[in-house]
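What's counted below: heavy atoms across the whole structure, side chains too, no hydrogens, waters or symmetry copies. Per chain, numbering begins at 1; letters A, B, ... match sequence-line order. Model, not experiment: these values are computed from the prediction.
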2 protein chains.
Amino acid sequence: MAKVGIREVARVADVSVGTVSHYLNGTSPVSDDKSRRIQAAIDQLGFVRNNAGRQLRLGHSSTIAYVVPDVSNPFFATIAEGIEQRAAGRGLSVFLANSKGDQPREDAYLDLFEEHGVRGMIVASPGQIENRLASLSARGTPTVLMGQLASSPSQPSISIDDVLGGYIATKHLLDIGCRRIAFVGGPLSVRQVRDRLEGANRAVRESGAATLEVIDVETRVISAGHAVGDAIAARDPAMRPDGVFAVNDLVAIGMVQTLIAHGVRVPEELALTGYDDIEYAGSAIVPLTSVRPPHEEFGVAAVDLLLAVIDGEAPDPAHLVFAPELVARASTAR
Amino acid sequence: MAKVGIREVARVADVSVGTVSHYLNGTSPVSDDKSRRIQAAIDQLGFVRNNAGRQLRLGHSSTIAYVVPDVSNPFFATIAEGIEQRAAGRGLSVFLANSKGDQPREDAYLDLFEEHGVRGMIVASPGQIENRLASLSARGTPTVLMGQLASSPSQPSISIDDVLGGYIATKHLLDIGCRRIAFVGGPLSVRQVRDRLEGANRAVRESGAATLEVIDVETRVISAGHAVGDAIAARDPAMRPDGVFAVNDLVAIGMVQTLIAHGVRVPEELALTGYDDIEYAGSAIVPLTSVRPPHEEFGVAAVDLLLAVIDGEAPDPAHLVFAPELVARASTAR
DNA sequence: CGTTTCGATCGAAACGTTTCAAGAATACGC
DNA sequence: GCGTATTCTTGAAACGTTTCGATCGAAACG
């Protein structure tokens, strides 16, 4: 398997390398005759364009990177879809990376992509990485911070108003008559958790007539919901909350499963809402009321924002904040 | 932001470019004095190594690609984790791509990665892509086919014995006393579905005392399970199967939810097993018996196989087949 | 002390592509 | 038939890195 380059193609087709390049890129018209000969040579030799040489000469690649803490999270996966669609429409490919919420690993990927000369990056990270992103920008790789509002006005970011989300979820519980509200979630060091709780607080404060209990969990997965569900079912019924706002759908799903298993009626005795509106939310045993961030638009908007920054047309301040909406289902239907 | 290259670093540190390269790669010893000067220059200038130049000179990159139909599928996500771990241990990075089961899109990614000169690819595809992979190999990019047994002996592949999986799932149902078995899944054009059904057939045939009904579904998601669950619950109880083997956990989860909602007792009246043992399987309302493919080992083995092929040490035939195992839970506990 | 070996360093060539300025060929208008 | 515009084509330079052979000083050896 001799490696075949553009000059080999040129030799076989009996044209110059420049012409082959023009043919490949449409940079300049190529006569029909030579076009045919070139294509024939490409097919015959199995020529594949070498991106390294191309990129070296061009000075940039035609890819962007999307770095997330967890690709298997349906939330990020749906956004990825929007990103890829939009990027493809702009002639860009997307490199995906899984940081697993691990800082060193995230760093390694950021370095890797920078060395690879991506045009820009969209980074969703639970951590504090604004400084890191600022360095990247300073060296010429634009970034968009996804999922949290950037504190620096010059750092483009795209996020969801989680305070508002927490507010509308809790308001909904209050509206259907709940008075002993519980917020299930943690740890508060996670921004999103903190914001949702803050929204819940605000709604309760506004109402004036309800109480808010906080039930802390370490992880935000189904099994954590099971544990909390067990604990609540074990309480004296008078001590149970009558409305629960779970920090995400996984926790809510876990809770509803055990609550029902213990004979606690949802939503009659205890109404419950989740957050994120993942695919399974509507498919749960009691279809789950949830707060839905705008998945599809989100990815598209992220790419558009990144492209704007790349083209030096960053809006200022470059922060996009999306409002989530409530999806009411059976788990709060009174 | 002037682009800063290795020669700029060399100029500032007052050494030759060759020395900087040696420092970066450890190719040859560099004196402490110059090491310090070089590092200082790098920090000062914010130098980032340009991968294009490097790769062009080297003739190859240090990345491999992992192409899957659906990154958000926990099955592929878990494997990805194993792949990344192992690859990192070998000094390789992993590029992830989402083909969405879409052939043109998959093709586009394969082209992209080939142009990028990846060292090799691990490709999970529901389609017929052996010819495509053969071309890649012929042009110098080794591949490992994941998820289906390659028909060509020379095409390395790594797969799970789905026939065996279908067999043990069905055998388990027979063992606990089921006699009217139903297989829920489709379409049969999908290899994995076909194989699982074949295993089920074999188990039923062996037993001699049971019947196997096939309930076809178009998609293998929760909502499809709901539909089938509704249909079964609507039947005259005497006409219902007493044991169901669902082609995957999503379908099984959907079924168990609606069956229970309709008052059909699981597992007493109807025992049910899923397939894949996804994270949610154990967290379902009735914890789900499932067939567990060896996730972790799988990714590691895929990388090892790919590396062997890259080094020209492909075992022959280069097919690795893993055996799944049954995880018994409440949904079949009689 | 002469010779060899070894460790550091250097400068230049090479990797495969795109682009640029310029040349060749063809068509056009008169 | 001549100048000129137009359409194609060309060869060479440049992108940033690694690597190779050469050089040089110092240490090791007898």
N or O in side chain of A:Lys34 less than 4.0 angstrom from C:dA25 OP1/OP2 | no

Check whether any side-chain heavy atom of B:Asp14 lies under 4.5 Å from a side-chain heavy atom of B:Arg11, and answer yes or no.
-> no

For D:dT9, take OP1 and OP2 only and decide whether either is under 4.0 Å from a side-chain N or O of A:Ser31.
-> yes

Distances for protein N or O near nucleotides 23-25 of chain D N or O, under 3.5 Å:
none

Quick one: side-chain contact (heavy atoms from CB on, under 4.5 Å) partners of B:Val190, sequence neighbours excluded?
-> B:Pro187, B:Gln192, B:Val193, B:Arg220

So how far is it from A:Leu96 CG to B:Tyr66 OH, rounded to the nearest 0.5 Å?
-> 12.0 Å

Using the side-chain hydrogen bond (donor to acceptor under 3.5 Å, both in side chains) rule, pick out the option among B:Gln39, B:Lys34, B:Arg37 that qualifies with B:Tyr23.
-> B:Gln39

Can you find a pair of side-chain heavy atoms, one from B:Ile122 and one from B:Ile83, that are under 4.5 Å apart?
-> yes

Is there a donor-acceptor pair under 3.5 Å between the side chain of A:Ser99 and the backbone N or O of A:Val68?
-> yes

Would you list the atom pairs, donor with acceptor, under 3.5 Å between side chains in residues 307-314 of chain A and any protein atom, with sequence neighbours excluded?
none

Residues passing the salt bridge (Lys or Arg N to Asp or Glu O under 4.0 Å) test with A:Arg191, sequence neighbours excluded, are A:Asp195

Of all of residues 37-51 of chain B, which get a heavy atom below 4.0 angstrom from DNA chain C, listed by number?
-> none

Got a list of protein N/O to nucleotides 19-22 of chain D N/O distances below 3.5 Å?
{"residue": "D:dT19", "atom": "O4'", "partner": "B:Arg57", "partner atom": "NH2", "Å": "3.4"}

Protein-nucleotide distance (B:His60, atom NE2; D:dT18, atom C1'), rounded to Å = 11 Å

Which residues, if any, of residues 6-13 of chain A bring a heavy atom under 4.0 Å of DNA chain C?
-> A:Ile6, A:Arg7

To the nearest angstrom, how far is B:Leu56 atom CG from C:dT17 atom P?
-> 9 Å

Is the side chain of B:Ser61 donor-acceptor paired with the backbone N or O of B:Gly117 at a distance under 3.5 Å, no angle test?
-> yes

Report the residues that fulfil side-chain contact (heavy atoms from CB on, under 4.5 Å) with B:Ser151, sequence neighbours left out, ordered by chain and then residue number.
-> B:Glu130

Side-chain atoms of residues 293-301 of chain B: list all donor-acceptor pairs with protein atoms under 3.5 Å, sequence neighbours left out, distances to 0.1 Å.
none

Residues in salt bridge (Lys or Arg N to Asp or Glu O under 4.0 Å) with A:Glu84, at least two apart?
-> B:Arg105

Rounded to the Å, how far apart are A:Asp32 CG and D:dC8 P?
-> 9 Å

Side chains of A:Gln155 and A:Thr143: do they bring a donor and an acceptor to under 3.5 Å?
-> yes

Give the stems involving DNA chain D, where a stem is 3 or more consecutive Watson-Crick or G-U wobble pairs (i with j, i+1 with j-1, and so on) under 3.5 Å.
-> C:1-30 with D:1-30

So, B:Asp33 versus B:Ser31: side-chain donor-acceptor pair below 3.5 Å or not?
-> no

Could you state the NE2-P distance from B:His116 to C:dG16, rounded to the nearest angstrom?
-> 17 Å

Check: residues 46-60 of chain B side-chain donor-acceptor pairs under 3.5 Å, at least two apart:
{"residue": "B:Arg49", "atom": "NH2", "partner": "B:Asn25", "partner atom": "OD1", "Å": "2.6"}
{"residue": "B:Asn50", "atom": "OD1", "partner": "B:Ala52", "partner atom": "N", "Å": "2.6"}
{"residue": "B:Asn50", "atom": "OD1", "partner": "B:Gly53", "partner atom": "N", "Å": "3.1"}
{"residue": "B:Asn51", "atom": "ND2", "partner": "A:His116", "partner atom": "NE2", "Å": "3.3"}
{"residue": "B:Asn51", "atom": "ND2", "partner": "B:Gln55", "partner atom": "OE1", "Å": "3.1"}
{"residue": "B:Arg54", "atom": "NH1", "partner": "B:Asn25", "partner atom": "OD1", "Å": "3.3"}
{"residue": "B:Gln55", "atom": "NE2", "partner": "B:His116", "partner atom": "O", "Å": "2.6"}
{"residue": "B:His60", "atom": "ND1", "partner": "B:Arg119", "partner atom": "NH1", "Å": "3.0"}

With a 3.5 Å cut-off and no angle check, do the side chains of B:Ser157 and B:Ser159 form a donor-acceptor pair?
-> no

